[in-house]
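Scroll down for the structure; my scribbles are underneath it.
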There are 2 protein chains.
Amino acid sequence: MVANTTVEEVLAELEQADTLESIQDAILKLREYFEVENMVYHWVDSAGEQYGYGTYPLEWATRYQEQNYIRIDPVIAGCYKRFHPVDWKKLDWSGKAVRAFQAEAVEYGIGTQGYSIPIRGPNGQFALFTVNHTCDDAEWEKFTEDNRRELILIAHYFNQKALEFEPNRAPEQSQSLSPREIDAMTLLAIGYSRAQVAETLSISEHTLRVYIESARFKLGASNTTHAVARALSRGLIVV
Amino acid sequence: MVANTTVEEVLAELEQADTLESIQDAILKLREYFEVENMVYHWVDSAGEQYGYGTYPLEWATRYQEQNYIRIDPVIAGCYKRFHPVDWKKLDWSGKAVRAFQAEAVEYGIGTQGYSIPIRGPNGQFALFTVNHTCDDAEWEKFTEDNRRELILIAHYFNQKALEFEPNRAPEQSQSLSPREIDAMTLLAIGYSRAQVAETLSISEHTLRVYIESARFKLGASNTTHAVARALSRGLIVV
DNA sequence: TCCGACCTCGCTATTTCTGGGGAGTTAATA
DNA sequence: TATTAACTCCCCAGAAATAGCGAGGTCGGA
């Protein structure tokens with residue numbers, strides 16, 4: 001453990017960080033402090049765009065992007081379904097493609113142990129903060145138990161910084177939907193057809209169409225399915 | 001500040017808590033420790049149901065529920081749009097109904113200063129952890145700056161407990177989709193039409209239709225929109 | 001070895017959705 | 001008071017999705 005460097009200090013530094021370099025620097029310091037191989041912050045926004053920074057080898061990051069591994073990565077899939085920090089061992093690594101992915105990750109130098117903290121934002125934004133290492137299970141369990149609190153905090157801080165540097169992703173002032181639009185979107189999301197929705201809401205199908213279209217417009221969606229998907233992932237409706 | 005009680009200790013206690021009483025007890029201890037008037041954890045689930053615990057006067061909680069104040073409460077509205085902890089002063093308190101609500105809250109004994117931490121879950125779940133007090137702005141700012149980290153952690157812990165006590169909200173196991181089905185659902189969710197999806201995947205539109213239909217069948221959905229909505233809220237696809 | 005699950009392609013007909021117009025009322029807010 | 005936003009209704013034509021029949025190939029596991 002590096003002397004004279006505490007999490008508190010690095011967090012304080014991170015709080016002041018105003019360049020990408022200083023963030024990367026903070027990551028490196030934290031990696032040293034925790035003595036882990038990798039530490040990564042990864043962001044996926046509601047438009048499917050990704051970005052992140054950390055200590056994964058560049059080759060792996062490139063490969064991951066190229067192969068669109070986000071589609072099969074069980075860390076993404078697993079964390080997306082969960083509230084709380086999750087140990088990679090708890091994830092579902094079955095399936096041929098997944099095992100191949102895992103083997104490849106190891107080849108690229110990714111440790112076998114991992115701990116990822118999911119964070120969600122208002123418009124379906126989703127971020128992951130991951131620490132990654134190679135060691136035996138017992139050691140890793142001790143590590144995650146000892147450091148869970150700090151890691152959660154660090155995840156928050158990185159997330160805050162990520163928003164500062166990507167302001168366009170945060171305020172995406174998705175104008176809220178009107179009550180009727182929410183009704184319409186919600187009923188569509190649970191499988192009603194237009195006719196059923198109109199009947200349920202006791203309005204004409206034409207009127208309903210106006211709502212769907214205005215919702216589509218507000219959400220910047222190209223069709224009903226898209227609009228419902230966006231409303232869902234932005235948390236404007238719930239099913 | 002109460003001697004011999006640290007946040008660490010209360011968190012450790014909270015971690016072991018297995019009854020609602022012990023959680024309520026932890027809240028009271030934390031309130032003493034932080035020397036604030038109120039401390040509340042509040043949950044809104046995907047069906048619009050609410051529940052929570054804390055130190056707000058029962059009369060206010062009842063009134064709030066009865067009047068459905070969740071609709072106009074700027075704390076809810078504001079936090080719902082934000083990633084990070086927010087000081088109540090930063091919220092939008094304009095509007096007649098909102099000011100009336102605020103005045104009434106003060107009458108019921110709610111402090112004028114507040115700090116709320118939003119937390120989100122996988123299926124549109126949304127929780128708020130709030131501390132509330134009466135003091136001047138400078139004092140409150142110092143308080144929130146000094147204790148932000150602890151409060152974030154406490155929010156996480158309460159949230160974890162909330163999930164333990166409401167296991168039905170945990171992620172459900174559902175039938176997984178095949179890779180091609182996932183591709184299809186994902187592209188539909190980001191707004192592609194059938195023709196565009198087919199072209200993107202380099203398959204005939206007919207083949208695509210087979211995927212959509214089999215996905216629909218697996219998901220028990222009545223149409224494409226429904227299928228995409230289900231795939232999204234089950235975390236089978238990520239947009 | 002066989003079964004099931006996955007991937008790929010074709011046809012026709014019907015239903016549903018989308019996109020282009022326009023118009024009037026109420027309620028709240030500035 | 002004036003303006004804005006939300007809610008409600010109507011027509012039409014073309015585009016897209018759904019429903020029903022099919023067929024054949026590959027690959028891994030029982």
Side-chain angles (χ1 to χ4, degrees), chain A residues 71-72 94-100 173-189 191-231 236, chain B residues 71-72 74 77 92-101 174-229 231 236:
Chain A
R71 291 276 167 81
I72 56 172
S94 64
K96 207 180 69 176
V98 170
R99 275 191 299 271
Q173 290 298 16
S174 60
Q175 7 175 227
S176 55
L177 301 177
S178 78
R180 278 315 221 189
E181 287 161 356
I182 291 176
D183 291 341
M185 290 292 109
T186 305
L187 292 171
L188 289 171
Y192 284 28
S193 70
R194 276 190 178 184
Q196 289 175 307
V197 174
E199 202 195 336
T200 306
L201 298 179
S202 305
I203 55 176
S204 76
E205 225 181 304
H206 315 284
T207 304
L208 171 66
R209 220 185 60 197
V210 175
Y211 297 145
I212 298 174
E213 298 212 342
S214 71
R216 230 179 42 219
F217 181 74
K218 284 181 180 175
L219 295 164
S222 50
N223 56 43
T224 302
T225 300
H226 193 193
V228 169
R230 287 207 155 168
L236 299 173
Chain B
R71 287 276 168 86
I72 56 171
D92 177 21
W93 293 93
S94 67
K96 209 177 66 178
V98 171
R99 275 191 298 271
F101 163 77
S174 58
Q175 201 172 0
S176 63
L177 301 176
S178 80
R180 279 315 221 186
E181 287 160 357
I182 292 177
D183 290 341
M185 290 293 108
T186 305
L187 293 171
L188 289 170
I190 61 175
Y192 284 27
S193 69
R194 277 190 177 185
Q196 289 175 305
V197 174
E199 202 195 336
T200 305
L201 298 179
S202 306
I203 55 176
S204 76
E205 218 179 309
H206 176 86
T207 303
L208 171 68
R209 218 183 64 197
V210 175
Y211 297 145
I212 297 173
E213 300 218 334
S214 70
R216 228 175 51 213
F217 181 75
K218 283 182 182 174
L219 295 164
S222 51
N223 55 42
T224 302
T225 300
H226 193 194
V228 169
L236 299 173

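Note on naming: letters A, B, ... go to the chains in the order of the sequence lines (proteins, then strands), and numbering restarts at 1 for each one.
Looking at the side chain of A/Asn223, the nearest of the listed nucleotides D/dA19, C/dT18, D/dC7 is C/dT18.
Atom CG in A/Leu188 sits roughly 14 Å away from atom P in C/dT16 (whole-Å rounding). Protein atom CG of B/Asp183 is 12 Å distant from nucleotide atom C1' of C/dC7, rounded to whole Å. A straight line from CD1 of B/Ile182 to P of C/dA5 spans 17 Å, rounded to a whole angstrom. Here C/dT26 presents its C1' atom at 14 Å from CZ of A/Arg180, a figure rounded to the nearest Å.
One finds a side-chain N or O of A/Ser204 lying less than 4.0 angstrom from the OP1 or OP2 phosphate oxygen of D/dC9. Applying the 4.0 Å criterion to OP1 and OP2 of D/dT18, one finds that B/Thr224 has a side-chain N or O inside that range. The phosphate of C/dA5 (OP1 or OP2) has no side-chain N or O of B/Ser178 nearer than 4.0 angstrom. Between B/Lys218 and C/dC6 there is a side-chain N or O to OP1 or OP2 distance below 4.0 Å.
A/Glu213 contributes atom CD, which lies 13.5 Å from atom NZ of A/Lys218 (distance to the nearest 0.5 angstrom). Once rounded to the nearest 0.5 Å, the distance linking CG of A/Leu208 with CD of A/Gln196 reads 11.5 Å. Rounding to the nearest 0.5 Å gives a distance of 6.5 Å between CG of B/Leu188 and OG1 of B/Thr224.
Contact check for A/Leu177 versus A/Leu219: side-chain heavy atoms found under the 4.5 Å cut-off.
For the segment residues 205-213 of chain B, the set of residues with a heavy atom within less than 4.0 Å of an atom of DNA chain C comprises B/His206, B/Thr207, B/Arg209, B/Val210, B/Tyr211, in numerical order. Within a heavy-atom distance below 4.0 Å of DNA chain D, the residues of residues 194-203 of chain A found are A/Ile203.
Counting only distance, with no hydrogens or angles, the side chain of B/Arg209 and the backbone of B/Arg194 share no donor-acceptor pair below 3.5 Å.
Taking all atoms of both residues into account, the shortest heavy-atom contact from A/Tyr192 to A/Thr200 is CE2-OG1, 3.3 Å. Of all heavy-atom pairs spanning A/Arg180 and A/Ile203, the tightest one is NH2-CG2, 3.7 Å. Across all their heavy atoms, A/Val228 and A/Ala189 have their closest contact at CG1-CB, 3.5 Å. Of all heavy-atom pairs spanning A/Met185 and A/Ala215, the tightest one is CE-CB, 3.8 Å.
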